[in-house]
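The block underneath contains the structure these notes are about, expressed in structure tokens.
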Amino acid sequence: MAITESEIAEARVAWGKALVAIAKAYEVEGIDGARLIAEKTLDSAYGYNLGPVLFKPTMASGKQTFRPTRKGALSYFVGHDAEYPLDSGFGLKGWRTVTSETSATFIEGDVAMWMGWVLMTDKDGNETKVDKSWGYKKDANGTLRIILHHSSLPYQP
């Protein structure tokens, strides 16, 4: 089952909607509501069911820079985990819109890579632009899964 450009575009939109849903759930239902949405997102969009996910969050450092486990990814999105004391919960930052701009896409059968910019706007109108790469693989059911997620702030010369 080959991956299509439209499936990759749909996956980016779904990821953005999930980030906004995590933020809004946090504002209304607190950390438990945000955690529930984040867990559903990790289970539906990411490939932790296939093995380690190559996840390098934007604002992670030191020995916890890379998050190949679901637990590490969950902490990055919602914080509140003593094993990850530097995580403040990226998904809790009041996000309202997420858009992306493609630089390039590579597709080879059931594996694809996407690279570009992702622009996130919070409830106060503040924008955060990140350099982003996602790798995708279809699982046995044909569901597109994120198997690589690399994010960094743009270089400032």
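Any value given below was found using the heavy atoms of this structure, including those in side chains, with hydrogens, waters and symmetry copies removed.
- The hydrophobic clustering, which links ILVMFWY residues whose side-chain heavy atoms are closer than 4.5 Å, places L153 and V118 together.
- Clustering ILVMFWY residues whenever any of their side-chain heavy atoms sit less than 4.5 angstrom apart, transitively, puts V53 in a cluster other than the one holding F66.
- Side-chain atoms of T102 and W114 include a donor-acceptor pair closer than 3.5 Å.
- Between the side chain of E39 and the main chain of L36, no donor-acceptor pair closer than 3.5 Å is present.
- Applying the side chain to side chain donor-acceptor pair (under 3.5 Å) criterion to N126, with sequence neighbours excluded, gives D122.
- Between Y136 and V111, every side-chain heavy-atom pair lies at or beyond the 4.5 Å cut-off.
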Going through the distances and angles, do M120 and L19 end up as a side-chain contact (heavy atoms from CB on, under 4.5 Å)? CA-CA 9 Å; M120 298 159 288; L19 185 64; 3.6 Å; yes

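- When all heavy atoms are compared, the tightest approach of M115 to S133 is CG-OG, 3.7 Å.
- The main-chain N or O of S44 is found under 3.5 Å from a side-chain atom of R145 such that the two form a donor-acceptor pair.
- Put simply, the side chain of E5 reaches to within 4.5 Å of the side chain of I107, judged on heavy atoms.
- In this structure, W15 and H149 have perpendicular ring planes: the angle between them is above 60°, well past the 30° mark.
- K71 pairs by the side chain to side chain donor-acceptor pair (under 3.5 Å) definition with D81, not counting sequence neighbours.
- Residue pairs satisfying the side-chain hydrogen bond (donor to acceptor under 3.5 Å, both in side chains) criterion with at least one member in residues 48-64, sequence neighbours excluded, are listed as follows: T58-S151.
- When atom types are taken as modelled, the side chain of K138 and the backbone of A2 share a donor-acceptor pair closer than 3.5 angstrom.
- Here the shortest heavy-atom pairing between A38 and V78 reads CB-CG1, 3.7 Å.
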Considering only distance and modelled atom types, tabulate donor-acceptor pairs under 3.5 Å from the side chains of residues 22-35, sequence neighbours left out.
unit_1	atom_1	unit_2	atom_2	d
E27	OE1	R96	NH2	2.5
E27	OE2	R96	NH1	3.3
E27	OE2	R96	NH2	3.3

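- One distance of note links CD1 of I146 with NZ of K137; it measures 15.0 Å at 0.5 Å rounding.
- Atom NE2 of H150 sits about 10.0 Å away from atom NZ of K132, to the nearest 0.5 Å.
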Solution key, residues 84-92 side-chain donor-acceptor pairs under 3.5 Å, sequence neighbours excluded:
unit_1	atom_1	unit_2	atom_2	d
D87	OD1	R67	NH2	2.9
D87	OD2	R67	NH1	2.9
D87	OD2	R67	NH2	3.3
D87	OD2	S75	OG	2.7
D87	OD2	Y76	N	3.3
S88	OG	K93	NZ	3.0

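- Both Y46 and I3 are members of a single hydrophobic cluster when ILVMFWY side chains are connected at heavy-atom separations under 4.5 Å.
- The closest side-chain heavy-atom distance from M113 to W134 is not below 4.5 Å.
- The shortest side-chain heavy-atom distance between P52 and T69 does not fall under the 4.5 Å cut-off.
- You'll find the side chain of T97 stays beyond 4.5 Å of the side chain of V20, heavy atoms only.
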Trace of the side-chain contact (heavy atoms from CB on, under 4.5 Å) decision for W117 with V130: CA-CA 6 Å; W117 288 293; V130 296; over 6 Å; no

For a side-chain contact (heavy atoms from CB on, under 4.5 Å) check, start with the C-alpha distance between L119 and K129, then their side-chain angles and the critical distance, and finish with the verdict. CA-CA 4 Å; L119 181 66; K129 184 177 185 179; 3.9 Å; yes

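- Residues D43 and R70 meet the side-chain proximity criterion, which asks for heavy atoms closer than 4.5 Å.
- Linking ILVMFWY residues whenever their side-chain heavy atoms come closer than 4.5 Å, directly or via other members, places F106 and L54 in the same cluster.
- Hydrophobic clustering, with ILVMFWY side chains joined whenever heavy atoms are under 4.5 angstrom apart, keeps F55 apart from I147.
- Looking at residues two or more places apart in sequence or on another chain, you find no side chain to side chain donor-acceptor pair (under 3.5 Å) involving T41.
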